[in-house]
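To find a chain, count down the sequence lines: A is the first, B the second, and so on, and within it residues start at 1. Only this structure's heavy atoms are used, side chains among them; waters, hydrogens and symmetry mates stay out.
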There are 2 protein chains.
Amino acid sequence: MARTTGSDGEKTEAAVREAAAGLIARYGYEAMSMRRLAAEVGVQAAALYRYFPTKEDLLFTLMREHMEGLIAAWEMARPTTAGPKARLAAYVQNHIAFHIERRHSTHVSNMELRSLSHDRLTRILRMRTAYEKELRAILRDGTEAGVFSIEDTGLTAMALIQMMTGVIVWFRPGERLSVAEVTATYLSMTMRLVGAKIDSAAAAYSVERPFGRAENAAGV
Amino acid sequence: MARTTGSDGEKTEAAVREAAAGLIARYGYEAMSMRRLAAEVGVQAAALYRYFPTKEDLLFTLMREHMEGLIAAWEMARPTTAGPKARLAAYVQNHIAFHIERRHSTHVSNMELRSLSHDRLTRILRMRTAYEKELRAILRDGTEAGVFSIEDTGLTAMALIQMMTGVIVWFRPGERLSVAEVTATYLSMTMRLVGAKIDSAAAAYSVERPFGRAENAAGV
DNA sequence: GTAATAATAAAACAAACGTTCAATTAATTC
DNA sequence: GAATTAATTGAACGTTTGTTTTATTATTAC
């Protein structure tokens, strides 16, 4: 047989991306065979090559779009006029919300870097560095303004990112804690970690448009 | 040919373990072929099967011994009579020192869990849970004693472990920072994160026998 | 020095891998 | 309704995979 009834290129490609992210997150890039992926999508392996010339192209596409999405989300969420503390709060909220929302591609982007070619690895790492640079800038500004007390800006940024991204390792939606509760707790841990001075302005941590659904509930 | 001059089972096995940890850390378990591993050791692939019946047995051995080593190191380092703050400091120091010292097997143990069979995964996770339980106990004791101010003990434990283990992602020995400096900074970040009350007892954070070499230098 | 054993090499196995190609059918265009 | 294009199948390709088997040599024990 050949073309199947109701088949549609765009739908198939989207299904391939989603299935690939799920399978790679669960079993790893090397462990996912193209035949297994095709079966998950409900298609023959050869059909995948209409959308992605090689397996590595597929991996790279997932990673690139993950990073582009993360940076775009931050550009939407970032407060431009606010002080260091509100900006840090926005960064934390955006980061956690984005990574929980996209658990699978986060896993892929964090675990499968080693399967990229040198050039593509460089491109992904460049995006990542740009994103992390934003956090370092916030920490530096806060330290210079005397709002934070931080010993080493770069090291603190790495520690915070590892801590926040680590949420996806254990967090499962619908269990003991909600996204809002987790975010609120991580936010206060972050503020203590950077030695943020407590101030009386009640809305100090709140931010206008966090990524994803409105989950500002927890009283922070 | 067959047995080569100077060949020795124990040495070969040790070489296999070390080479395997390095290759899996760099390229991943699935991406490491038995032939590649054998070449790294300087032996034919068939020779590996004298020491490990299957590839997965090799992986499991690396992980089990990593976890056993971690737990053993903590049992050596743990202060039994000290208060929560000194115990937490000992935990952090031991954790960071151990993971930096064994970067490769740490990578393996963190990234390749999905390649284990169900039973073996359960065994490794049991060890991990036991180790993490120690940290939760310290945090709980400190909170009850009023020394720490923590909202959610379990969540804080996960955040701390992710933060500390994340050191191996970016830390390279011999670069900008020494192990002692990194440990000192992480220690003070940890203490702020758990809201540890500052006390005047100067030696509050010091601990008798940290894992590995004596790197207590930084004035914490 | 001979017998036993430990450690390895070399070759082979079937299975699975990523990928390509030709054929075939569904949908679209005119 | 015929011609064109889009989407997919099924079979095949050469490699590489983990593993097994058999033979061979170094070492050890007596």
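Proximity of residues 107-122 of chain B to DNA chain D (heavy atom under 4.0 angstrom from any strand atom) is not detected for any residue. Shown for residues 29-49 of chain A: residues whose heavy atoms fall under 4.0 angstrom of DNA chain D, namely A/R35, A/V43, A/Q44, A/A46, A/A47.
Between A/V194 and A/L160 there is a side-chain heavy-atom pair separated by less than 4.5 Å. Looking only at side-chain heavy atoms (C-beta outward), B/I150 and A/M189 stay at 4.5 Å or farther from each other.
Atom CZ of A/R50 is separated from atom C1' of C/dA26 by 13 Å (rounded to the nearest Å). Taking atom CD1 on A/I24 and atom P on C/dG18, their separation rounds to 11 Å, with Å as the unit. At whole-Å resolution of the value, NZ in A/K55 and P in C/dA16 are 15 Å apart.
Side-chain nitrogen and oxygen atoms of B/Y51 include none within less than 4.0 Å of the OP1 or OP2 phosphate oxygen of C/dA7. Phosphate contact (OP1/OP2 of C/dA7, side-chain N/O of B/T12, threshold under 4.0 Å): absent.
Under the 3.5 Å distance criterion, with hydrogens and angles disregarded, a donor-acceptor pair is assigned to the side chains of A/E151 and B/S188. Using a 3.5 Å distance cut-off with no hydrogens or angles, the side chains of A/Y186 and A/H95 do not pair a donor with an acceptor. Side-chain atoms of A/T54 and A/D57 include a donor-acceptor pair closer than 3.5 Å.
The ring of A/Y131 has its center closer than 6.0 angstrom to the ring center of A/Y91.
Panel note: side chain B/Y51, backbone B/L58; no donor-acceptor pair is recorded below 3.5 Å.
Other residues, nucleotides and ligands place no more than 12 heavy atoms under 6.0 Å from the CD atom of B/E18.
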